[in-house]
Student: 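Quick one: the structure is below, and I'll ask about it shortly.
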Number of protein chains: 2
Amino acid sequence: MSLAGLFPIDKWNFKSQSILNNLPEDEYGYLCANMLEQKYNKGEVIFREGAVASGIFFIKKGKVKKYQVDQTGREQIIYVANTGELIGYHAILADERYPDSAATLEECVIAFIPKEDFLSAIEKSTVLPRRLLKTLSHEFAVLINSISVVAQRSVKERLAITLIVLREKFKEGTAAGEEIMINVSRNDLANMVGTGDENIARFLTEFKLAGILRTQGRKICITDVKKLIEISGYGTSE
Amino acid sequence: MSLAGLFPIDKWNFKSQSILNNLPEDEYGYLCANMLEQKYNKGEVIFREGAVASGIFFIKKGKVKKYQVDQTGREQIIYVANTGELIGYHAILADERYPDSAATLEECVIAFIPKEDFLSAIEKSTVLPRRLLKTLSHEFAVLINSISVVAQRSVKERLAITLIVLREKFKEGTAAGEEIMINVSRNDLANMVGTGDENIARFLTEFKLAGILRTQGRKICITDVKKLIEISGYGTSE
DNA sequence: GATAAAAAGTGATCTTTTGCAGCTTTTAAA
DNA sequence: TTTAAAAGCTGCAAAAGATCACTTTTTATC
């Protein structure tokens, strides 16, 4: 089923894919001159919050979590980046250290582009600055939306929203007709929602009993998205 | 007292001032060609979330809250913009509707710059795109920081942080040597922290009894910032 | 496939936060 | 200065969420 009109999925997606999409041949070539492609295992850290930013990363394949760790050691996942997205460019553009950490959620292929190449590509390009401004501004909208939701919605609502969004992300790697399986640990799920693992387990059980989803080991399959949208709070209005 | 080294105040400030600061004469002149200056009373709405974005706003004097209202009518204040800051540019750059609403927290003087002027100023300028990229990227860091804090800190800690940040904002309009008075309603304070008015009143009383602050009507004067920083959770580490 | 380690699920309890009701103080307007 | 309305404060009860201990299931590795 499509979410169109039922759930504001745009409010939850950065779409940084569009930055490099259909870039003029020469500009793309230049950007890739010193590109360093690398395979990452599941759970590997790509960069850490506070580290001096040496470049940006292009996710050629896989899913990456972006997160912050607070002083008590708890992890807050800010965003899940998918195949085709760029990460790490904020630090370069702001000329600051990485504001968050990034780690793979599954096996990934990721290309590294050195800071200098990225910056001079922007310098030379006419479309890159414009695209970056657009993407960054859109990201702003996504993030303030997240703040409102985290500040005002219950854990149950937030879990519902998280599951809907994750389902869309996992849809991309799923063949048409095949069932969409969300494959993240309960702990990662808890760190996205901003609660403890136990709470997640409890609500997942509740959702399962309500016929909203089915689990296969750690994997989750949403069987009734509509009901989930209702719980998310976006169901009636918007 | 200075917060340097004690509290990461940079994590809480957009600093969009720097966008127009010391802009080359001609570029600034062009940007201001059709500028429309207007006086706003306290509490007036500047633009509303979801409205088609017609331009950007330059706060010449005063403080403005940026907020979202959820379906239950609750307001979440995302940011307080101060004298010298720009607002409304995200929507223009992203080519989307305003992602949040803006309203004055006090009497303000605000100048409106039409969308077309802003966009062609960017087109013609060499420094504007760069500055915008830098500002937007920094804003990203500020917002993800907010998400972590809202998701993981207690109401008491969040109030402490909010008070420290507000104090810095009100410092700007205060003559040197004069006492810094934070002048916002309990309701606005609650909407910044993301809780109810009653909770704010309770913790303010607690802080008052602990000798951290003093109230004069609705106005708040922080008398022991250090203690507040300890409560905020930034005291020991960072 | 066996097995150890890790992750997930459940129950009980404790803490934090919310929301209501009623009261007091402050503010603004007559 | 008076007065009405708005804003702020406090106590209490209920709800939501966090934490701990323990069991069960799953995953990964030999």
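All chains are named by letter (A, B, ...) in the order of the sequence lines, taking the proteins before the strands, and each is independently numbered beginning at 1.
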Student: If the sugar-phosphate is the primed atoms plus P, OP1 and OP2 and the base is the rest, what is the B/S/- string for nucleotides 18-30 of chain D, using protein heavy atoms under 4.0 Å?
Tutor: SBB-----SS---
Student: Looking at every strand, decide which applies to B:Asp197 at a 4.0 Å heavy-atom threshold: base, sugar-phosphate, or nothing.
Tutor: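 Nothing, no heavy atom under 4.0 Å.
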Student: Could you check whether A:Lys66 pairs with A:Glu85 (Lys NZ or Arg NE/NH1/NH2 to Asp/Glu carboxylate O, under 4.0 Å)?
Tutor: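 No, no charged N to carboxylate O under 4.0 Å.
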Student: With the threshold set at 4.0 Å, does a side-chain nitrogen-carboxylate oxygen contact exist between B:Glu179 and B:Lys219?
Tutor: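 Salt bridge between B:Glu179 and B:Lys219, a charged N being under 4.0 Å from a carboxylate O: no.
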Student: For the pair made of CG in B:Leu189 and C1' in D:dC9, what is the distance, rounded to whole Å?
Tutor: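 Computing the B:Leu189:CG to D:dC9:C1' distance gives 14 Å.
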Student: For DNA chain C, note the earliest and the latest nucleotide, 5' to 3', having some atom under 4.0 Å of a heavy atom belonging to chain B.
Tutor: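 Extent of the interface on DNA chain C: C:dT17 to C:dT27.
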Student: Separation of A:Arg153 atom CZ from D:dA16 atom C1', in whole Å?
Tutor: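 One finds 17 Å between C1' of D:dA16 and CZ of A:Arg153, rounded.
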Student: Counting only heavy atoms not in A:Lys227 (residues, nucleotides, ligands), do more than 12 fall under 6.0 Å from its NZ?
Tutor: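 Yes, because the 6.0 Å sphere around NZ of A:Lys227 holds more than 12 heavy atoms from other groups.
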Student: Hey, what do you get for CD1 (A:Ile59) to OG1 (A:Thr104), rounding to the nearest 0.5 Å?
Tutor: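 One finds 10.0 Å between CD1 of A:Ile59 and OG1 of A:Thr104.
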Student: Round to a whole Å and report the spacing from CG of B:Asn183 to C1' of D:dG8.
Tutor: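 Roughly 14 Å, once rounded to whole Å.
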Student: Give a yes or no on whether the backbone of A:Gly62 and the side-chain of A:Thr83 come within a donor-acceptor separation of less than 3.5 Å.
Tutor: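 Between the backbone of A:Gly62 and the side chain of A:Thr83 there is a qualifying donor-acceptor contact (under 3.5 Å).
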Student: Taking only residues at least two apart or on different chains, which pairs with a member in residues 170-227 of chain B satisfy ring-ring contact (aromatic ring centres under 6.0 Å, His included)?
Tutor: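 Residue pairs passing ring-ring contact (aromatic ring centres under 6.0 Å, His included), neighbours aside: none found.
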Student: Can you tell me if A:Ser148 uses its side chain to pair, donor with acceptor, with the backbone of B:Gln76 under 3.5 Å?
Tutor: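 Side chain of A:Ser148 to backbone of B:Gln76, a donor-acceptor pair under 3.5 Å: no, none is there.
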Student: Output every pair passing ring-ring contact (aromatic ring centres under 6.0 Å, His included) with a member in residues 64-83 of chain A, not counting sequence neighbours, ordered by first then second residue.
Tutor: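 Of all non-adjacent pairs touching residues 64-83 of chain A, those that pass ring-ring contact (aromatic ring centres under 6.0 Å, His included) are A:Phe14-A:Tyr79.
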Student: Could you state the CG-P distance from B:Asp188 to D:dA6, rounded to the nearest angstrom?
Tutor: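 Answer to the nearest Å: 17 Å.
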Student: Could you tell me, to 10°, how much the axis swings from one end of the helix from C:dG1-D:dC30 to C:dA30-D:dT1 to the other, five pairs per end?
Tutor: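 What I find for the helix from C:dG1-D:dC30 to C:dA30-D:dT1 is an axis angle of 60°.
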Student: Expressed in angstrom and rounded to an integer, what is the separation of A:Phe203 atom CZ from D:dA16 atom C1'?
Tutor: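 Distance check: A:Phe203 CZ to D:dA16 C1' gives 8 Å.
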Student: Salt-bridge test for B:Lys171 and B:Glu168: reply yes if a basic N is under 4.0 Å from a carboxylate O, no otherwise.
Tutor: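 Counted as a salt bridge, because a side-chain N and a carboxylate O are separated by less than 4.0 Å.
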Student: Does the A:Arg158 side chain pair with the main chain of A:Arg153, one donor and one acceptor, at a distance under 3.5 Å?
Tutor: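 Side chain of A:Arg158 to backbone of A:Arg153, a donor-acceptor pair under 3.5 Å: yes, one is there.
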Student: Side chains of residues 37-49 of chain A: which donor-acceptor partners sit under 3.5 Å, not counting sequence neighbours?
Tutor:
residue	atom	partner	partner atom	Å
A:Glu37	OE1	A:Lys60	NZ	3.0
A:Glu44	OE1	A:Asn41	N	2.6

Student: Expressed in angstrom and rounded to an integer, what is the separation of B:Leu159 atom CG from D:dC9 atom P?
Tutor: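 Nearest whole value for this atom pair: 12 Å.
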